[in-house]
Amino acid sequence: MNPSPIGIFDSGLGGLSVLREVRAMLPHEPLIYFADSRYAPYGDKPEAFVEARTLQVCEWLAAQGCKALVIACNTATMHAVQTLRERLAVPIIGVEPGLKPAAARSRSKVVGVLATANTLKSAKFNRLLGALDGESRYLCAAGHGLVGLIEQGDVSGPAIREKLAAYLQPMLADGADTLVLGCTHYPFLSETIRDMVGNRLDLIDTGLAIARQLSRKLAEFDLAASPDAHPEVRYLSTKDAAHLHDMAAALLQVDARAETVAIEPAPPLPA
Ligand code: DGL
């Protein structure tokens with residue numbers, strides 16, 4: 001039995017949607033949730049920054065003794081997962097937009113994909129898209145502005161609805177019946193999306209699949225914690241622990257103890 005923590009990392013609060021599934025499936029596993037909110041969003045930062053910062057944070061988490069890492073961020077996975085796997089000795093579980101499950105679910109064979117600009121332009125995403133059977137059409141939209149609003153705690157206000165309408169209406173008009181939530185922040189918009197489009201879009205979120213994959217890796221490498229353990233989650237933010245505490249309470253209904261940490265200097269960003 002291995003009592004070391006699992007690190008769950010995102011640019012900000014989005015990975016909490018993955019943590020929710022991991023907690024539900026593996027409640028006995030100690031977790032460190034790391035929100036790099038000081039540098040969020042990653043989705044429109046230079047790709048070299050996203051890769052270098054992801055490596056920096058994950059190396060730090062590994063140095064804290066994490067036995068496995070979940071990159072609970074599609075953008076960071078797209079740009080850094082390969083290098084991470086080459087550099088770190090612990091199992092790395094990444095996330096990617098659920099294109100395949102969406103294609104399997106769609107009846108109209110028109111699938112909307114909402115993800116960050118960086119995810120959509122990454123080579124990895126385009127390889128995923130290219131490897132599909134070609135039976136479905138994918139209507140991809142970069143959700144500019146959504147992550148920033150979610151980071152501020154807005155998951156249902158007029159600003160978010162206005163942006164969502166601009167992204168989703170053209171997809172619906174073009175026949176989409178399925179929507180891939182290709183950014184881990186977006187599952188927190190599910191209720192608002194349902195309120196706006198009813199059941200005209202089937203929402204595809206990969207949180208549960210990630211939790212399953214993590215569970216498989218822990219078993220494969222003999223890393224699981226004792227099933228009798230009742231560990232607390234450590235919540236770490238590079239910006240504002242109080243905000244992370246409040247958001248975890250609002251989004252997950254958990255009263256989490258949160259700390260602010262600094263991992264500096266961050267890789268250079270163009271002025
Ligand atoms: N939650 C992230 C993702 O899954 C990152 C969003 C961002 O920082 O732009 O892509």
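Nothing fancy with the numbering, it's 1 onward along the sequence. Just follow the structure's listing: the first ligand is 1, and inside any ligand the first atom is 1. Nothing here was measured: the structure is a model prediction, and the numbers come from that model.
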**Request:** Check ligand 1 against Cys183 and write out every atom of the ligand that is under 4.0 Å from a heavy-atom position of the residue.
**Result:** 1 (N), 2 (C), 3 (C), 4 (O), 6 (C), 10 (O)
**Asked** Polar-atom distance check: Thr116 versus ligand 1, any N or O pair below 3.5 Å?
**Response** no
**Item:** Contact partition for Thr75 relative to ligand 1, non-hydrogen atoms under 4.0 Å
**Value:** both
**Complete:** In ligand 1, the atoms that come under 4.0 Å of a heavy atom of Pro41 are 7 (C), 8 (O), 9 (O)
**Request:** Pull out every atom of ligand 1 sitting under 4.0 Å from any heavy atom of Tyr42, numbered as shown with elements.
**Result:** 7 (C), 8 (O), 9 (O)
**Message:** Taking distance alone, with N or O pairs closer than 3.5 Å, would you say Gly14 contacts ligand 1?
**Reply:** no
**Prompt:** For Asp44, is at least one N or O under 3.5 Å away from an N or O on ligand 1?
**Reply:** no
**Prompt:** Which atoms of ligand 1 sit under 4.0 Å from any heavy atom of Cys73?
**Reply:** 2 (C), 3 (C), 4 (O), 5 (C), 10 (O)
**Ligand-side contact atoms (ligand 1) for residue partner Asp10, heavy atom cut-off under 4.0 Å** = 1 (N), 2 (C), 5 (C)
**Request:** Would you mind reporting whether Asn74 and Phe125 have side-chain heavy atoms less than 4.5 Å apart?
**Result:** no
**Message:** Using modelled atom types and a 3.5 Å cut-off, is there a donor and acceptor pairing between side-chain atoms of Asp255 and backbone atoms of Arg257?
**Reply:** no
**Request:** Would you tell me whether Glu151 and Ser37 have side-chain atoms, one donor and one acceptor, within less than 3.5 Å of each other?
**Result:** yes
**Request:** Using a strict cut-off of 4.0 Å, indicate which atoms of ligand 1 neighbour a heavy atom of Gly43.
**Result:** 7 (C), 8 (O), 9 (O)
**Item:** Spacing of Cys183 atom SG and Asp205 atom CG [to the nearest 0.5 Å]
**Value:** 11.0 Å
**Prompt:** Which part of Thr184 is near ligand 1, with near meaning a heavy atom under 4.0 Å away: side chain, backbone, both or neither?
**Reply:** both
**Request:** Measure Ala40 to ligand 1 on non-hydrogen atoms and call it side chain, backbone, both or neither using the 4.0 Å cut-off.
**Result:** neither
**Message:** So does Lys67 get a backbone contact from the side chain of Ser4, meaning a donor-acceptor N/O pair under 3.5 Å?
**Reply:** no
**Message:** Do Leu146 and Leu114 make a side-chain contact, defined as non-hydrogen atoms from C-beta onward lying under 4.5 Å apart?
**Reply:** yes
**Message:** Checking side-chain polar atoms at under 3.5 Å, does Gln82 have a donor or acceptor matched by the opposite partner on Arg85?
**Reply:** no
**Item:** Polar atom proximity, Asn74 to ligand 1 (N or O, under 3.5 Å)
**Value:** yes
**Item:** Side-chain touch Phe188/Arg20, heavy atoms, less than 4.5 angstrom
**Value:** yes
**Request:** Please say which of Thr54, Asn118, Thr184, Thr116 ends up in a side-chain hydrogen bond (donor to acceptor under 3.5 Å, both in side chains) with Thr75.
**Result:** Thr116
**Those atoms of ligand 1 less than 4.0 Å from some heavy atom in Ser11** = 5 (C), 6 (C), 7 (C), 8 (O)
